[in-house]
Amino acid sequence: MFVVLLLFMAPMTTIAHGLPEAMDGPRGVVMLDWHRENISRTLTAGYPESFGLSSFFGRVKPTIKTVGGKRCVHANFIGFDVDDNFAFDIDEPVELELLLHQPNQTTLVYGYDANGKANATGSQVLSPKAEEGTWQTVKFTLDRARFANRGMRGTDFAVTTLSTIAPGSEHEDSTLTLCDLTLTRSGQNPEGVSNPEGSLQEASLELRIVESGSRHPTPVRMGIYDASGRALLPSEDALPLQYYETEIRQYALKSFNERSQPWPHTNRYVFYSDGSYRTSLPAGDYWIVASKGPEYRWLLQRIQVKPGEQVVKQFTITRWEDMPQKGWQSGDVHIHMRRDHQDNPDIARVMAAEDVHIANLLLMNNPGGSHYPQYAYGGEGFYQQGIHALVPGIEGPRTAQRGHTISLNIEKPLINPDRYFYYHEFFEGYRRQNAISGYAHVGSEEFNGSWGLALDAPFGLVDFVEIMQNSQLRTELWYEFLDLGFRVAPAAGSDFPYFDQPGAVRSYARVTLSDNTHKWFESVKSGETFVSNGLLIDLEVNGQAMGSTLPVDESGVLDILADAWVNPDWDSLERLELVYCGDVIASRNGGTEPTTRLRLEKSLSPGASGWLALRGFGKNFAMAHSAPIYLVDRSGNSACKDRVPQRVAAMKHRLKQLSEAPLNVQRELEYWQTQQLQEQYQRQRSGLESRIEKALEVYERILNRK
């Protein structure tokens, strides 16, 4: 839940008298010159994200204002670092009191660092009182506050507005004006939990996690939790994790939908280990939890640690499925981590802990700058440990006007702000590098990717579309291009750190253990792939696999064999669906009892061109979707011909929208870096219009094709 505060207030004159320092890094973090007792730092960001809160809509540059003689912060999002001398790693209720000046109705949301869970928030409805005018005093109790510096840039709690997390109505203000703040500790600990603050570390623990059949430690994602649900703060043995512009050792699994990112403990704070881990800890009972991706069973072990004891334990994590042995390797097409040479071993261990075989580490570019740099590209930037490889790529060009693009396995990044809106030039350049290119966030429409796709797909420049991300499978737009006869592969990307952990969703591509890494990219491009967040699938038509092309005629019979299976620790199968030209033509249900395997067999005489694909769903969260098998007529056309007029009309409409829509710089993720974008767009408009006209000609030819 989040806090809902409806603040109805009259306007009052405010005077801006100071601006904060320049925005820094991919989040545009700003340290604010605003200080209060027991608060060591106050900060905000252009794209803040902390404790499950984030700000994207209605963002403004933060300012310091004088209001009624008080020095106030005016921003969308404000984060606070509690002075460690006042409170650090505690476990007690803390009262937070805010003095706000709000001329307009505002819904306030807060999040804080708590014990027992990640991304703790609360709810409270404030009924405004007319006699208070625009001033409002708000009080919250932060239950089981921990304040262990686990928020953005080491902060402990944050406040923002609902209308900047999600679009609000016009009467909702997206900003807060905060003029005072006080914190009051209660000193009361939960029943049965001693105050951890300053407690002596009474014992030591040494863990080794090995894979079944091996004596060597294996990288894992881990959590160690005491009887009250507290996650132990990790020791220096935890692997460093490159997170936005910082390096951290503990990570909160995102909670957009906790069912979609399973974890066998209510506390979702985790860390990464190379399989050997040592720490000191108070005596007590603990749960040890470890995972290694959806092809492994979870490891859950309970241990007891006595005062002064030195505990040494070895546990075995067991493989449930071995997809590489079956000729499939997983990859994540969308990961952001800055990387120097010395970072390679630790990043590779993190990817091995999630069992991501091909980790695509993307430079993120906008017309005003770049983030998450890679020390090299091509062969010099390639790094491999066993079957886990780090491969540099780029997310860019990317605008909110026509979508975000991704190019994988590039030899060098192409950067040209003066041609930035001509995406096709970048795609053509990366194709000359033998890279593959596609669109990110397809179907989400945060950045108008449907407009960009409508412009680029007709020219055969789009190899893949990212249809699985952020706990969602979005297929509608992709299906439209398949219906038109375009051959575009599906892809899955976590977009770490913006959404989920690496490998939360993944693209499986057909690659044997003897193939080199480049084969993974070739298989994605050719459609020998499926996307998944844990559920595994296979599809054959007349013995041909995903990505294949099959001729069809009126008398032809297609024998279809489809399979799905899922790790029982992750989910149980709900249904398996066979899709022809976007319609479900056959399905198989899992029944009421837990089911981990399903098979669907069907004979079909389509009599016309089109495409076939398989999708599967678990009872809780798991899902998967195959690349199509293309059914072609004598001319090699796989279009679903009865749907072509409707699809062409939709594409023409999107191109019209692209041509006519004004550019809104505030919708750019790093809006503080793209203030010149409007001028750049105007200079490139004529060339963009020319490209739109050529795309319309292609759609006309598709419409008139027999």
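Checked against a 6.0 Å centroid threshold, the rings of Tyr681 and Phe421 count as neighbours. In this structure, the ring of Tyr244 has its center less than 6.0 angstrom from the ring center of Tyr498. A centroid separation of 6.0 Å or more is found between the aromatic rings of His404 and Tyr423.
For the 3.5 Å distance criterion, the side chains of Tyr420 and Asn365 qualify, holding a donor opposite an acceptor. Side-chain atoms of Thr107 and Thr161 include no donor-acceptor pair closer than 3.5 Å.
A pairwise comparison of heavy atoms in Ser507 and Val333 identifies OG-CG1, 4.0 Å as the closest pair.
Residues Gln261 and Arg268 are in side-chain contact: their nearest non-hydrogen atoms beyond the backbone lie under 4.5 Å apart. Using a 4.5 Å heavy-atom threshold, the side chains of Phe427 and Thr405 count as touching.
A salt bridge links Glu245 with Arg27: the closest approach of a Lys/Arg side-chain nitrogen to an acidic carboxylate oxygen falls below 4.0 angstrom. A salt bridge does not link Asp538 with Lys326: none of the charged nitrogens is closer than 4.0 Å to a carboxylate oxygen. Look at Asp456 and Arg402 and you find a salt bridge, because one of the NZ, NE, NH1 or NH2 atoms lies within 4.0 Å of a carboxylate O, short of that distance. Taking the charged nitrogens against the carboxylate oxygens, Arg643 and Asp583 do have a contact shorter than 4.0 Å, which makes a salt bridge.
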Task: side-chain contact (heavy atoms from CB on, under 4.5 Å) between Glu321 and Trp565, worked out - done: CA-CA 10 Å; Glu321 178 59 282; Trp565 59 108; 2.8 Å; yes
- [ ] Apply salt bridge (charged side-chain N to carboxylate O under 4.0 Å, His left out) to Arg705 and Glu700, showing your working.
- [x] CA-CA 9 Å; Arg705 185 169 55 194; Glu700 277 299 315; over 6 Å; no
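Each of Tyr272, Phe496, Trp263 was compared with Tyr251 under the ring-ring contact (aromatic ring centres under 6.0 Å, His included) criterion, and only Phe496 meets it. Partner of Trp328 under the ring-ring contact (aromatic ring centres under 6.0 Å, His included) criterion, chosen from Tyr508, Phe530, Trp520: Phe530. Under the ring-ring contact (aromatic ring centres under 6.0 Å, His included) rule, Trp611 has a single partner from Phe486, Phe481, Tyr479, which is Tyr479.
For Arg575 and Phe617, the positive end sits near the middle of the six-membered ring, less than 6.0 Å away and at most 45° from its axis.
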